[in-house]
Amino acid sequence: MPELRPEHPQGCVSSEERPQGCVSSERSDTLAGDVLAGRRRALAKAITLVESRRADHRAQAQRLLAAILPHSGRSLRVGISGVPGVGKSTFIEALGIYLIERGQRVAVLAVDPSSSLSGGSILGDKTRMERLSQRPEAFIRPSPSAGSLGGVADRTRESLLLCEAAGFDVVIVETVGVGQSETAVAGMTDIFCLLQLPNAGDDLQALKKGIVELADLIVINKADLDAAAATRAQAQMKSALAMFRHPSPHWTPPVLTLSALLKEGMDAFWHEVERYRATLGVSGELAARRRHQARAWMWELIGQGLHERFRSNAAVDRELPALEAAVEAGTTTPAAAAAQLLDHLGH
Ligand code: GDP
């Protein structure tokens, strides 16, 4: 059953998925219908389309997204982050199966900008989440491997909407604990969960990088290795959290200890997620978070679009080297040079 496997990280998938060319010229309304019917092969194909950077594919992808948008928004979007080795895939697999056993359909996406450098992907390794990937109620998609964090995050945001339209109850977005990808994932999910190791120092790393501030829920994993150490780490994290104020006055991020390997603690974890959803749902904060995320995404795209337009402007290209040199030499102010270049974008 080829459709049960995690899909390729990018571009062309299997020959069954591309009857004519890399992404089929199948009309996006047919594809939209198939996605809405919950067909996983159509979903895989739709994601391949939104990941494509070809201009005609982008246009098709935007039509597709416009068609499915009214049917998106119904899933719970869960962000999972943590350094490599903390147990993210073990945890997501255990959680995914836990949820499936409770009648839910689960999609897993990833944001890993480093995959474009390494050529791999955090979900590209087929041995990861093997059991989950064999379940028909699950859909696992590796990180798009093309481009900058902005590009990777945009594609994942669009894929998330497609998964929702395909009827997945829970969409998990995984990211590695490097760079700015946590901010991107916290910015596209309803609840952002941070996985930590029970050894001293891990909490300091996360604190230093400002990731703890983003967390709505913190998990100390691998508690089976040393229960006392896990409890100590839990206490440390709780006191560290006291330094921050969660955006919601109704929520204090809980710190749980569990073992993904032994599948212990899934109940407690999901209970907290549901409590979060109920608490912030009633107060309207969850809806406000999504509104804010949608607006922020639009502004991010405006910023990216302006930047692209600027860089591809012929007059800017012509004048840039001389103006950069003049700024470096101190013969022109940065402000004057910037104003002259920006003038080429028109008013
Ligand atoms: P990721 O890089 O964050 O996705 O981490 P993995 O899920 O690949 O796990 C890294 C290693 O830690 C693997 O060898 C797992 O079997 C192991 N591991 C994950 N969770 C636990 C746990 O709860 N307890 C123990 N003892 N090992 C775990």
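In what follows, every heavy atom counts, from backbone to side chain, and hydrogens, waters and symmetry copies are set aside. Order of appearance sets the numbers: ligands from 1, and atoms from 1 within every ligand.
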Exercise. Give a yes or no on whether a salt bridge exists between Arg289 and Asp216, defined as a side-chain N under 4.0 angstrom from a carboxylate O.
Key: yes
Exercise. Give yes if a backbone or side-chain nitrogen or oxygen of Gly85 is under 3.5 Å from a nitrogen or oxygen of ligand 1, and no if not.
Key: yes
Quiz item: Without hydrogens or angle criteria, can the side chains of Trp270 and Glu274 be said to hold a donor-acceptor pair below 3.5 Å?
Solution: yes
Exercise. State the atoms of ligand 1, each with its element, that fall below the 4.0 Å cut-off from a heavy-atom position in Lys88.
Key: 1 (P), 2 (O), 3 (O), 4 (O), 5 (O), 7 (O)
Quiz item: With a 4.0 Å heavy-atom cut-off (strictly under), which part of Val86 contacts ligand 1: side chain, backbone, both or neither?
Solution: both
Quiz prompt | Side-chain heavy atoms of Val282 within contact of His250, under 4.5 Å | solution = no
Exercise. Write out the residue and atom name of the closest protein heavy atom to atom 16 (O) of ligand 1, then the distance separating them to 0.1 Å.
Key: Leu261 CD1, 3.7 Å
Quiz item: Atoms of ligand 1 less than 4.0 Å from Pro84 heavy atoms?
Solution: 2 (O)
Quiz item: At what distance is the nearest protein heavy atom to atom 8 (O) of ligand 1, and which residue and atom is it?
Solution: Ser89 OG, 3.3 Å
Quiz item: What's the shortest distance from atom 23 (O) of ligand 1 to any protein heavy atom, and which residue and atom give it?
Solution: Ala260 N, 2.9 Å
Quiz item: Closest non-hydrogen protein atom to atom 20 (N) of ligand 1, residue and atom name please, with distance?
Solution: Asn221 ND2, 3.2 Å
Self-check item: Sole residue of Leu49, Leu36, Leu43 in side chain to side chain contact (heavy atoms under 4.5 Å, CB included) with Leu31
Solution: Leu49
Exercise. Please confirm whether Phe269 and Phe91 have ring centers closer than 6.0 angstrom.
Key: yes
Quiz prompt | atom 4 (O) of ligand 1: any protein heavy atom closer than 4.0 Å | solution = yes
Quiz item: Is the shortest N/O to N/O distance between Leu258 and ligand 1 below 3.5 Å?
Solution: no
Practice problem: For residues Arg141 and Glu51, determine if any side-chain heavy atom of one lies less than 4.5 Å from a side-chain heavy atom of the other. | Solution: yes
Quiz item: Which is closest to atom 25 (C) of ligand 1 by heavy-atom distance: Asp224, Val83, Ile80?
Solution: Asp224
Exercise. Give the residue, atom name and distance (to 0.1 Å) of the protein heavy atom nearest atom 18 (N) of ligand 1.
Key: Lys222 CE, 3.6 Å
Exercise. Write out the residue and atom name of the closest protein heavy atom to atom 19 (C) of ligand 1, then the distance separating them to 0.1 Å.
Key: Thr90 OG1, 3.4 Å
Practice problem: Can you measure from CG (Asn221) to CG (Leu194) and round to the nearest 0.5 angstrom? | Solution: 11.0 Å
Self-check item: Distance-only side-chain donor-acceptor flag, Thr257 / Gln234, under 3.5 Å
Solution: no
Quiz item: atom 13 (C) of ligand 1: protein heavy atom closer than 4.0 Å?
Solution: no
Quiz item: Which atoms of ligand 1 are found less than 4.0 Å from any heavy atom of Leu225?
Solution: 26 (N)
Quiz item: Going by heavy atoms in the side chains, are Arg277 and Asp190 under 4.5 Å from each other?
Solution: no
Self-check item: Parallel, tilted or perpendicular, as decided by the 30° and 60° cut-offs, for the rings of Tyr276 and His246
Solution: perpendicular
